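Some notes on the structure that comes next.
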Amino acid sequence: MTKARDIMTGGTECIGADESVLDAARKMKDLGVGALPICGNDNKLKGMLTDRDIVVKVLGAGKDPASCPAGDLAQGEAVTIGADDDAQEILRTMTAHKVRRLPVIDGHDLVGMVAQADVARSLPDPQVGDLLQALSTD
């Protein structure tokens, strides 16, 4: 059975909750990613920040990305998946929460990120279609 740790991208970097959204955008550019986990001073996951969040909630709202803390965009508890959870559980979690990326947690440590494409590669074709349909509808 394929586990999250088998399909995730390891070495995931966080943006600190006190760091600016501008810092987050630069980090996304440097890493070539569209989302970053937001971590607090205690190194615990506080939420996720996406490139869309930056555009819509910061730039579109007329806020200054250099003075807006990334932590201000963390909404509620972050949806995560355990490192030993299987692809079916990842599918269920993504579908239930309508998210395309999940931080992978081992105990309390962030160990990676699993994306929709990672899951799609590990599932039989009919389930891939179900995932894409579930995440593409409002």
Side-chain angles (χ1 to χ4, degrees):
M1 183 75 56
T2 303
K3 306 278 186 202
R5 70 174 72 251
D6 300 326
I7 61 173
M8 72 180 192
T9 301
T12 301
E13 292 190 33
C14 285
I15 188 71
D18 295 332
E19 292 183 75
S20 75
V21 170
L22 182 59
D23 292 334
R26 288 180 176 144
K27 188 175 260 193
M28 285 181 189
K29 178 187 135 323
D30 292 345
L31 295 172
V33 298
L36 288 171
I38 302 169
C39 295
N41 295 333
D42 57 1
N43 255 358
K44 290 190 179 174
L45 189 63
K46 303 295 183 193
M48 289 291 293
L49 177 65
T50 67
D51 48 8
R52 186 174 194 283
D53 291 333
I54 293 171
V55 171
V56 173
K57 296 175 183 175
V58 179
L59 300 177
K63 296 179 182 175
D64 177 12
S67 62
C68 181
D72 286 0
L73 299 179
Q75 297 179 344
E77 190 171 326
V79 179
T80 63
I81 197 78
D84 291 319
D85 288 342
D86 65 29
Q88 294 297 324
E89 182 60 24
I90 299 168
L91 172 66
R92 282 190 292 274
T93 302
M94 285 183 163
T95 302
H97 295 278
K98 295 198 180 270
V99 294
R100 290 178 164 79
R101 302 171 191 95
L102 287 171
V104 180
I105 304 295
D106 192 0
H108 293 289
D109 298 326
L110 177 67
V111 294
M113 188 77 71
V114 65
Q116 175 181 342
D118 300 323
V119 179
R121 284 189 292 270
S122 71
L123 293 172
D125 288 341
Q127 291 176 319
V128 172
D130 293 344
L131 172 64
L132 295 176
Q133 181 178 6
L135 295 179
S136 297
T137 59
D138 290 332

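This one's a predicted model, so the numbers in the text were calculated from it and none came from an experiment. Just so it is clear, the values below take in all heavy atoms, side chains as well, and ignore hydrogens, waters and symmetry mates. We're numbering straight along the sequence, starting at 1.
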Subject >> Minimum-distance pair of heavy atoms, taken over all atoms of Ala17 and Gly40 >> reply: CB-CA, 4.3 Å

Original post:
Which pair of heavy atoms, one from Val111 and one from Ala83, lies closest together, and at what distance?
Top reply: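 Scanning both residues, the minimum pair turns out to be CG2-CB, 4.3 Å.
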
Original post:
Would you find a donor on one side and an acceptor on the other, under 3.5 Å apart, between the side chain of Asp64 and the backbone of Ala66?
Top reply: yes

Original post:
Is there a donor-acceptor contact under 3.5 Å from the side chain of Ser20 to the main chain of Ser67?
Top reply: no

**OP:** Test Val58 against Leu73 for side chain to side chain contact (heavy atoms under 4.5 Å, CB included), laying out the working first.
**Re:** CA-CA 9 Å; Val58 179; Leu73 299 179; 3.7 Å; yes

Original post:
Leu59, Leu22: one ILVMFWY side-chain cluster at the under-4.5 Å cut-off?
Top reply: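 No; Leu22 is not reachable from Leu59 via cluster members.
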
Subject >> Same cluster (ILVMFWY, side-chain, under 4.5 Å), Leu45 and Leu49 >> reply: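 Different hydrophobic clusters.
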
Subject >> Test side chain to side chain contact (heavy atoms under 4.5 Å, CB included) applied to Val104 and Met113, step by step >> reply: CA-CA 5 Å; Val104 180; Met113 188 77 71; 5.7 Å; no

Subject >> side chain to side chain contact (heavy atoms under 4.5 Å, CB included) between Ile7 and Thr2, worked out >> reply: CA-CA 8 Å; Ile7 61 173; Thr2 303; 3.4 Å; yes

Side-chain atoms of residues 26-39: list all donor-acceptor pairs with protein atoms under 3.5 Å, sequence neighbours left out, distances to 0.1 Å.
residue	atom	partner	partner atom	Å
Lys27	NZ	Cys14	O	2.8

Subject >> Sole residue of Leu102, Val119, Val99 in side chain to side chain contact (heavy atoms under 4.5 Å, CB included) with Thr93 >> reply: Leu102

If you measure from [atom1] on [X] to [atom2] on [Y], what distance do you get to the nearest 0.5 Å?
X      : Y      : atom1 : atom2 : result
Ile54  : Arg52  : CD1   : CZ    : 12.5 Å
Leu110 : Thr80  : CG    : OG1   : 9.5 Å
Met94  : Arg100 : CE    : CZ    : 10.0 Å
Asp86  : Arg92  : CG    : CZ    : 6.5 Å

**OP:** Test side chain to side chain contact (heavy atoms under 4.5 Å, CB included) on Ile81 and Glu89 and set out the steps.
**Re:** CA-CA 8 Å; Ile81 197 78; Glu89 182 60 24; 3.8 Å; yes

Subject >> Sidechain N-carboxylate O distance under 4.0 Å for Asp85, Lys3 >> reply: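 Judged by the 4.0 Å cut-off on N to carboxylate O distance, Asp85 and Lys3 do not form a salt bridge.
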
